[in-house]
Amino acid sequence: MKRREFLAMTSAAFTVATPALSKAESAISKAEIIVVGGGYGGATTAKYLRLFSNNKARVTLIEPDSQFISCPLSNLVVGGSQSLSDLTRPYDTLAKRYGVKIVKDWVSNIDGNTKTLQLKSGKVLRYDKLVLSPGVSLMMDSIEGLATANSLGVTIQAWKAGPETLTLHKQIASMRDGGVFALSIPEAPYRCPPGPYERVCQVASYLKKYKSRSKIIVLDANSDIVSKGSLFKKAWADLYPGMIEYRPTHNVISVDAKEKTLKFDIQQDVKADVLNVLPMMQAGNIAKQAGVTNANGRWAHVDFLSFESTAVKDIHVIGDSTQNAQLMPKSGHMANQHGKVAAAAIIAQLRDWPVNQHPMLTNTCYSFIDAKQVVHVASVHAYDAKEKTFKVVPGSGGLSPEPSVLEGLYAWSWARNIWSDLLG
Amino acid sequence: MKTSVTSILSAWSGIRQFRYVLLIVSSSVLLCSGARAQVNTVDQLNRASLAATCASCHGTNGVGAQPATLSNPADLQTAYMLEQLLAFRNGSRSGTIMPQIAKGYSEEQLQTIAQFLGKH
């Protein structure tokens, strides 16, 4: 067979296999779908909107950063065993391989009535479907003096991976041996429930190696460790004996930047050399501006079948900004799962198909207790039609029995795979 | 000399044929993976959506990134994958996360997943 004949034959086969452009397909290729935020949730949604529409949907992803930096695993950068470049991936593949249009910009205003959004650059974009995945914003006003202390460089959060992550590592690295690192944790819900406790492990791992006379004080507004409690407590006792002091029910109300001191409702002040103060969190600012934060003014209520806002039609909200169902964590993995349910629902709506009535979600979260050993928590969530929410499937999920290096290898494999799942 | 010219020509012809074989094989792979990824009905969308819950750990359509430590579902035969998923579910196979995850899905859902991601 000549090459030309072969190509003609295969091209004919493709032509025959391709169904005629139906009305629904035409609607899908005409709809403007805009995704705001290129994190674990937004990037996933953009990619799966293309996959689930046979690459017909017009998808624009608006993201101000030029590269993706993973929050999961970024505590390893705080502890000094990894660099930010290990957690950084490009957005290019989403555009080149999957045909997502990427716009590097900020969204400054959303108007749900006119279905338009304005970019910081001044451009106005029209949408038929909008997906918001803006993560969390930090409620700096919830702690008196925190904004000032931050501006003076006395306190830092490093709760979004990036330059602050490196700054926090440098602060710890330049702390005197015998110094105190204080980490304050807000009342749940907040982004990444086990994250603060994993950070304690990573800082302890660094201090044990380089400044073994130093101390860590954990000031938790919650009455106990929020996630993987028994595993973290055991790791602290086994690996870092005498170094970590855990103080539950300690809610920071103000920061004295001059004295490097944290103040509480009733307990004694705490003075430290490095202050990592995490305030309460809420949905990303743009969600609030768009009028979708109808859960106590902090989070967005959504219809869990489609992740469409219950406040504004045709705006879907996914990831950390949503009012979570019971036992649904604000995690990168969960945002990635939300994104796929939202993408499938949007494609179904545009094609005039019924939206899936039985969506499923999984969550896995690995925490490093030193540079190599890991513990996990996992869960499976099924939609409950009667209560219109997701519930953990009885008998599913659980914790690691103990830390292991094997799970450390799995954690890195998970990271490579989920980055590939959301970025191409 | 003549022999060597003949063998060179014969080898060249072999290479050309091999190129066609490669083309056919790669096209078949494309057609197969394309067929799996095609979403032309609501059932296909729901199946793809269910299988996509696995992709967070195992990669899109069961193809993980390299170097792979977690298994690549796309490399497994459907029947074998289903057998393993059911073994995780009923507790006859141990593991770290998979037994905890498999218990969250019905047998029918695991069958759909294996059918979607595995090799037939």
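Naming convention: chains lettered A, B, ... in sequence-line order (proteins, then strands); numbering from 1 in each chain.
- Proximity to chain B (any heavy atom under 4.5 Å) is restricted, for Tyr48(A), to the side chain, taken from C-beta onward.
- Note: Met98(B) CE to Thr364(A) OG1 = 11.0 Å, rounded to the nearest 0.5 Å.
- Of the possible donor and acceptor atoms, none in the side chain of Arg416(A) sits under 3.5 Å from a partner among the backbone N and O of Ala68(B).
- In this structure, the side chains of Lys47(A) and Thr60(B) come closer than 4.5 Å at one or more pairs of heavy atoms.
- Shown here is Lys372(A), whose NZ atom has no more than 12 heavy atoms of other residues, nucleotides or ligands within 6.0 Å.
- A donor-acceptor contact under 3.5 angstrom links the side chains of Ser56(B) and Asn336(A), judged on distance only.
- Put simply, the side chain of Thr53(B) reaches to within 4.5 Å of the side chain of Gln337(A), judged on heavy atoms.
- Looking at Thr44(A), there are no atoms closer than 4.5 Å to chain B (heavy atoms on both sides), in backbone or side chain.
- Across every non-hydrogen atom of Arg351(A) and Val39(B), the tightest pair is NH2-O, 4.0 Å.
- Between Phe52(A) and Ser49(B), the closest heavy-atom pair is CZ-CA, 3.9 Å.
- For the pair Ser413(A) (side chain) and Leu70(B) (backbone), a donor-acceptor distance under 3.5 Å is present.
- Taking non-hydrogen atoms and a 4.5 Å limit, the residue list of residues 105-113 of chain B in contact with chain A, ordered by number, reads Tyr105(B), Gln109(B).
- Closest heavy-atom contact between Leu399(A) and Gln100(B): O-NE2, 3.1 Å.
- The contact between Ala348(A) and chain B is made by backbone and side chain atoms together, counting heavy-atom distances below 4.5 Å.
- Of all heavy-atom pairs spanning Ala55(B) and Lys340(A), the tightest one is CB-NZ, 3.6 Å.
- Of the listed residues (Ser420(A), Pro401(A), Gly397(A)), the one with the most heavy-atom contacts under 4.5 Å to chain B is Gly397(A).
- With a 4.5 Å cut-off on non-hydrogen atoms, Pro359(A) does not touch chain B at all.
- Between the side chain of Gln38(B) and the backbone N or O of Asn54(A) there is no donor-acceptor pair closer than 3.5 Å.
- Between Leu50(B) and Met360(A) there is a side-chain heavy-atom pair separated by less than 4.5 Å.
- Of the possible donor and acceptor atoms, one in the side chain of Asn417(A) sits under 3.5 Å from a partner among the backbone N and O of Ala65(B).
- Heavy atoms closer than 4.5 Å to chain A are found nowhere in Pro99(B), neither backbone nor side chain.
- When all heavy atoms are compared, the tightest approach of Asn40(B) to Trp353(A) is O-CZ2, 3.5 Å.
- When side chains are defined from C-beta on, Ile97(B) does not count as touching Tyr410(A), because their heavy atoms never get closer than 4.5 Å.
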